[in-house]
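Remarks on the structure that follows.
The model shown is predicted, which means the values in this text are computed figures rather than measured ones.
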Amino acid sequence: MHDVLIIGGGVIGLSIAYEAAGRGQSVVLLEQQQLGQEASWAGAGIVPPGGDARTGTAVHRLQSGANRLWPLLSEELRERTGIDNGYFRCGGLNVADGERCAELQAQIEEWRRCGVEHELLDAAALRRVEPQIAPGTDSLVCRVPGVAQIRNPRHLKALISGCVQRGVELRTGEPVRRIHRRDGTVEGVSTTSGRLSAGQYVVAGGAWSGELLSQCGFDAGIVPVRGQIVLLATGSSPFRHIVECGPRYLVPRPDGRVLIGSTEEWVGYNKGTTSAGVQGLLQFAMGLAPSLAEARFEQSWSGLRPHAGRGTPFVGRLPECDNLLVATGHFRGGLSLSPITARLIGQLLTGEPTDFSLDELGLSPG
Ligand SMILES: Cc1cc2nc3c(=O)[nH]c(=O)nc-3n(C[C@H](O)[C@H](O)[C@H](O)COP(=O)(O)OP(=O)(O)OC[C@H]3O[C@@H](n4cnc5c(N)ncnc54)[C@H](O)[C@@H]3O)c2cc1C
């Protein structure tokens, strides 16, 4: 019998498996399809800035913790597996027009409170920093040097390889159908190929977690929210910073590709791209960086983000169920928050105190 059984092989489940195995736990991970092919593959790979991890909301603490862990984890995985996940601090520009200015002002105020480095750029400064970016004349522009990026598919490959090296049993094509509980303890799970037991269990099923949690009496309100992405190829990157404009953004890759994201669509478990989605993203991109009109259209795809009804992720042990943990509902931030989520769950699995209180990230019976 394994110490830990993890349900879900996205970036959250794989990161937890890698972390738990690194802490000496024997781990089995069950994935209903293929490892790392859902939201975690589809994401843009933006890592928001970190600040003082002792202040702010739980989500800010998660972000600050994650921001600090990324360079260390990336280096460790590169040395261990030979796979470079492409992590680097490219910096970010936040651009807002019209009514979005108030939102960005509030964000700037939070960065100030939490010690996140940032600077406002006027039009002349923006031209010096990123001459290819042309927002409206009344736009508010803020540069945030701590923003980083990674290449999701490479990071997932590195995690899978790291898990294999640490002896994690990775089982694919094996959906968990049922979680069996008795007297507040999980006794096992049923999959399509039989029943399995472990000392502790972790639900990390992304947008599919709601059904698993409701079997245990918890209504986490997890629903899928589709995000579409367009990938363009340019000769060489026309700009260096990630440019964010409300929910949409441009991510320049060092190889000259530019990723345009993303839509937010409440269309159930319905993946795929649409002409309206792709058109909207292209218009946004060419409006902000007109030179992208000459770029080659390479690809588009979509993924299903796990949205939690209350707006913040669930990370912790389930009350009234002492050997069941949950790590889901990360919505637009699951990739960037994966290292800190794994660290906190790893601490809970091995009975260590967590880096900070998880009260705000907990789940109550539904
Ligand atoms: C277009 C787009 C852009 C994004 N950009 C960013 C970004 O720039 N930065 C960022 O931080 N985040 C980003 N995200 C969000 C991020 O991708 C997600 O929050 C994150 O991938 C969630 O990871 P996960 O492991 O919880 O879910 P998933 O990657 O969806 O993995 C869950 C896995 O669990 C498996 N599973 C589910 N139920 C079962 C079961 N019963 N039995 C066995 N296996 C099961 C699924 O098959 C799946 O493989 C983006 C998402 C999208 C869609």
Task: Pair H2, E169: side-chain N/O donor-acceptor within cut-off below 3.5 Å - done: yes
- [ ] Indicate the atoms forming the closest heavy-atom contact of R195 with G188, along with that distance.
- [x] NH2-N, 4.3 Å
Open item on the list: Please identify which of these residues, E174, R178, R171, meets the side-chain hydrogen bond (donor to acceptor under 3.5 Å, both in side chains) condition with T191.
Closed with: E174
- [ ] Report the C-alpha distance between R253 and Q149 in whole Å, list the side-chain angles of each, state the deciding distance to 0.1 Å, and finish with yes or no for side chain to side chain donor-acceptor pair (under 3.5 Å).
- [x] CA-CA 9 Å; R253 301 296 195 204; Q149 62 170 282; 2.8 Å; yes
TODO: List the atom of A17, the atom of L29, and the distance in Å for their closest heavy-atom pair.
DONE: CB-CD1, 4.0 Å
Open item on the list: With no hydrogens and no angle check, just 3.5 Å: does a side-chain donor-acceptor pair link T274 and R226?
Closed with: no
Side-chain donor-acceptor contacts of residues 325-332 below 3.5 Å, not counting sequence neighbours, with atom names and distances?
from, atom 1, to, atom 2, distance (Å)
T328, OG1, G206, O, 3.3
T328, OG1, S209, OG, 3.0
H330, NE2, T341, OG1, 3.1
R332, NH1, E264, OE2, 2.5
R332, NH2, P247, O, 2.7

Task: Qualifying residue for side chain to side chain contact (heavy atoms under 4.5 Å, CB included) with D322, from D183, T185, V186 - done: T185
TODO: Give the C-alpha distance, both sets of side-chain angles, the deciding distance and a yes or no for side-chain contact (heavy atoms from CB on, under 4.5 Å) between V176 and W208.
DONE: CA-CA 11 Å; V176 170; W208 296 265; over 6 Å; no
Task: Polar side chain donor-acceptor pair, Q25 to Q200, under 3.5 angstrom - done: no
TODO: Give the intermediate values and the outcome of side-chain contact (heavy atoms from CB on, under 4.5 Å) for residues I160 and L14.
DONE: CA-CA 7 Å; I160 292 168; L14 287 166; 3.9 Å; yes
Task: Polar side chain donor-acceptor pair, Y18 to E76, under 3.5 angstrom - done: yes
Open item on the list: Under a 4.0 Å threshold between the charged nitrogen and the carboxylate oxygen, would D84 count as salt-bridged to R154?
Closed with: no
Open item on the list: Any non-hydrogen side-chain atom of Y201 less than 4.5 Å from a side-chain atom of N323?
Closed with: yes
TODO: Tell me yes or no: between the side chains of Q215 and R181, is some donor less than 3.5 Å from an acceptor?
DONE: no
Open item on the list: Taking the ring centre of each residue, are W41 and H155 less than 6.0 Å apart?
Closed with: no
- [ ] Report yes if the side chains of W70 and S338 come closer than 4.5 Å at any heavy-atom pair, otherwise no.
- [x] yes
Open item on the list: Under 3.5 Å, is there a donor on one side chain and an acceptor on the other for R143 and H241?
Closed with: yes
Task: Any side-chain donor near an acceptor of the partner, Q132 and R240, under 3.5 Å - done: no
- [ ] Decide whether E31 and T172 meet the rule of one side-chain donor and one side-chain acceptor closer than 3.5 Å.
- [x] no
Open item on the list: I'd like to know if the side chain of Q347 pairs up with that of D355 as donor and acceptor (distance under 3.5 Å, no hydrogens or angles considered).
Closed with: yes
Open item on the list: Is there a side-chain contact between D255 and R151 in this structure, where contact means two heavy atoms from C-beta onward sitting under 4.5 Å apart?
Closed with: yes
Open item on the list: Just checking E99: does its CD atom have more than 12 heavy atoms from other residues, nucleotides or ligands closer to it than 6.0 angstrom?
Closed with: no
Open item on the list: A side-chain contact here means heavy atoms from C-beta on lying under 4.5 Å apart; do C163 and L170 qualify?
Closed with: yes
Task: Enclosure of D122 CG (heavy-atom neighbours >12, cutoff 6.0 Å) - done: yes
Task: Under 4.5 Å side-chain linkage, directly or through intermediates, the cluster mates of F297 - done: L93, V95, L121, L126, V129, I133, V141, V230, L232, F239, V243, L250, V258, I260, V278, L281, L282, F284, M286, L288, L292
Open item on the list: Tell me whether R112 is salt-bridged to E110, with the criterion being a basic N under 4.0 Å from an acidic carboxylate O.
Closed with: no
